[in-house]
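Below: one structure, written as structure tokens.
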Amino acid sequence: MRMTNTRIFSALALLSLAACVGLGGCGPTDSNSGNASGGGGGGARSAAAGGSSAQAPESAGKGSEKSPAAAPAAAPAAAPAAAPAAADEILIGHYASMTGSEATFGQVTDKGIRLAVEKVNAAGGIKGKKVRVVTLDTEGKESVTTTVVTRLITSDKVVALLGEVASSRSIAGANVAQRFGIPMITPSSTNPEVTTKGDKIFRVCFLDPFQGYVMAKFARENLKLSKVATLYDQKQPYSTGLNDNFKEAFTKLGGTVVAEQAFSGGDADFSAQLATIRDRGAEAIFVPGYYTEVGNIAIQARKLGVTVPLLGGDGWESPKLAEIGGKAIDGSYYSNHYSPSDTREEVVKFVSEFQSKHGGEVPDSLAAMGYDAAMVLFDAMKRSPSLGGADLAKAIAATKDFKGVSGMISIDAERNARKSAVVLQMRKGKAEYVTTIAPQQ
Amino acid sequence: MNAALQTFFETLINGLAVGSLYALVALGYTMVYGILKFINFAHSDIVVLGAWIAFVLARSLGYATPDAAAPWYAGLLILLVAMTACGAIGYAVERLAYKPLRGAPRLNVLITAIGVSLFLQNTGQLSFLFGASPQRMPSLLPDTPLLTVFGARVSLVDVVGAGTAVLLMVGLEYLIFHTKLGRAMRAVSYNTSVASLMGVNVNAVISFTFVVGSALAAAAGFLYSMKYVGIKQPADAGWVMLGLKAFVAAVVGGIGNIRGAMIGGVMIGLLEFFGAAYVSTQYRDVYVFALLILVLLFRPAGLFGRATVEKV
């Protein structure tokens with residue numbers, strides 16, 4: 001049987017090769033594209049506007065281009081060439097999904113952080129130095145995250161890190177940050193695992209068990225539902241974690257989860273899952289996913305005759321949700337870190353400052369969390385005796401009753417923030433405030 | 001009983017609708033393989049370009065809001081423009097990236113194809129082109145159920161999508177088996193050097209194959225985005241998966257075999273949707289690739305391919 005086996009088997013081998021290339025194995029090419037979008041993109045330009053010198057992004061770009069060649073050749077001697085920070089500057093790193101399917105997450109968080117940097121510099125900086133933020137793009141991929149975080153630490157020599165929104169990538173970044181002893185604050189990763197990576201890893205947002213509890217309590221007590229289905233992304237720890245937490249809390253409150261369905265991030269069709277949910281008579285569907293999928297799920301649910309509201313978490317937060325979901329998403333609820341329509345002084349001030357800087361764009365919760373994460377970091381920097389990793393981590397850990405845009409922030413012994421959450425409802429394409437749910441005792 | 005029938009027909013309709021789009025994409029893989037004996041990994045990115053060019057066109061024609069009523073010919077016009085544009089891109093890709101490597105080992109061309117794929121993905125994400133965010137495709141067809149079979153809605157989008165796919169496939173079938181150009185394509189696929197000795201312009205035939213394959217891919221991308229209106233950004237893993245499934249369809253049908261690719265595409269679509277509906281949604285990609293492994297184990301030349309002796 002000397003048939004075309006070889007040909008077909010080579011095709012199979014190539015298929016797996018293509019899968020590697022297409023589905024996230026783009027490691028080698030990433031340092032370049034990260035450089036392009038981090039250094040040349042709009043973000044870096046606004047840093048120059050807010051920072052001390054207009055050449056700053058240029059020199060950062062050159063420095064990081066040089067370092068890959070210089071570092072392996074003569075690592076000890078190359079130190080001056082690889083340190084782009086000027087003497088009167090404090091560099092902090094931000095790694096974010098500036099491109100990729102969750103691009104709005106990274107871009108908006110970066111805007112929030114840059115507003116915080118601008119404010120702290122306008123008020124005289126920290127310890128007499130200006131703060132500058134270097135943003136590198138994770139492209140929404142874990143493999144890239146490890147590369148860019150390592151680069152921020154070893155070649156840009158940042159003193160602290162801010163980043164990611166998606167928990168899977170914050171975990172990847174936390175592993176690197178902890179190894180190098182650089183403090184990291186994640187603005188909005190809610191999966192509990194993130195801060196377990198070590199004593200240098202912090203967060204300023206609430207956790208998934210609480211977020212799951214908030215929606216369960218809201219569904220059970222405010223909406224008076226007893227039968228709910230869940231539909232989660234099996235590829236995202238954020239989604240699977242939230243699914244488990246919701247299920248546990250909802251069952252404890254006396255409700256029943258009648259169907260538990262999964263999809264994989266990147267799927268376009270959810271009809272099979274939705275048909276099952278429809279047949280089990282669920283009164284609401286808990287969809288702890290990200291906005292792209294949630295929009296598609298809402299459209300397909302209405303097409304299949306599923307009219308019950310969808311419930312979700314902070315992964316829904318994006319103007320794209322209403323844009324993609326349209327009328328189909330109206331009437332659905334999600335839990336969130338903050339609401340721009342809140343009347344607290346911090347919120348009003350933040351919203352107006354953000355809007356005047358970004359042409360009237362209303363800051364979503366990710367912008368608020370990015371801003372809060374940066375402000376908590378700056379507050380700790382001011383209190384810390386030095387900017388070394390150990391001192392700075394100790395100062396962040398001592399944060400107590402910090403008045404953030406997203407509420408009072410106190411860091412607890414597990415390096416997490418204990419906060420309340422708001423529940424919002426989508427009405428005519430806008431997320432409207434419904435209620436606030438406090439942490440359970 | 002009624003609910004069971006409804007689920008069955010919904011699954012069948014979706015499977016056929018998506019399967020016919022897999023078939024359209026698979027044709028591009030299989031035609032290029034038939035002639036050049038290499039797998040054009042940049043093909044799935046042409047699908048993406050087709051969807052996004054259609055989106056940009058629809059936007060600029062003023063059908064931006066999801067509810068704006070578009071005349072029936074708007075969709076047709078956009079489809080034709082997207083197909084033409086992608087045909088031109090396919091031609092350019094072949095001319096610039098593959099033609100200089102005509103005599104080179106196959107592996108070189110293959111690596112180039114992966115390079116072209118990355119280039120197209122990342123270029124598409126530039127903010128002045130398509131950007132890196134998902135978008136809502138304006139609905140160019142009224143979203144009304146055409147008829148209802150046991151509670152399952154047969155929507156206009158599915159009928160038009162599958163219908164267009166079938167029409168294009170019938171056209172391709174005619175082109176390949178009933179025209180002089182088609183005969184030239186088949187001749188080049190059998191034996192390139194002999195065909196060129198008989199006076200067939202091999203380079204022109206290869207270019208034409210790329211143009212046709214890319215135009216079909218563009219049609220698939222457009223129809224796919226009409227069905228799943230939240231179109232993902234150009235480098236999303238979902239597009240790669242769509243391309244891979246179409247590629248599997250081409251291999252299952254017997255790579256190089258036109259009719260095999262069509263049947264393979266529909267088979268893959270039905271397998272995926274019935275597997276998801278009746279076994280588990282968690283493994284919907286597994287069914288497709290498990291079928292690939294089975295076919296490669298037991299019928300390595302594909303279900304409709306003919307085994308040939310490899311000259312060593």
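A note on names: the letters A, B, ... follow the listed sequences, proteins ahead of strands, and every chain is numbered from 1.
Residues B:E10 and B:Q6 bring a donor and an acceptor atom of their side chains to less than 3.5 Å of each other.
The residues A:D330 and A:R427 are annotated as not salt-bridged, no charged nitrogen and carboxylate oxygen being separated by less than 4.0 angstrom. Using a 4.0 Å cut-off between charged side-chain N and carboxylate O, A:E139 and A:R169 make no salt bridge.
Counting heavy atoms from C-beta outward, B:E272 and B:Y22 have side chains that approach closer than 4.5 Å.
Using bins of under 30°, 30° to 60° and over 60° for the plane-to-plane angle, the ring pair B:Y278/B:F274 lands in the parallel bin.
In this structure, the portions of A:Q273 lying under 4.5 Å from any heavy atom of chain B include both its backbone and its side chain. Only the side chain of A:Y232 comes within less than 4.5 Å of a heavy atom in chain B; its backbone stays farther off. Only the side chain of A:D279 has a heavy atom closer than 4.5 Å to any heavy atom of chain B. For a residue to count as touching a neighbouring chain, one of its non-hydrogen atoms must lie under 4.5 Å from one of that chain's; by this rule B:Y224 touches chain A with the side chain only. The contact between B:Q135 and chain A is made by backbone and side chain atoms together, counting heavy-atom distances below 4.5 Å. Residue B:Q282 touches chain A through both its backbone and its side chain, counting heavy-atom pairs closer than 4.5 Å.
Figure legend: B:R299 and B:F304 shown without cation-pi pairing, the cationic atom not lying both under 6.0 angstrom from the six-membered ring centre and within 45 degrees of its axis.
Top candidate by heavy-atom pairs under 4.5 Å with chain B, chosen from A:Q107, A:Q300, A:R278, is A:R278.
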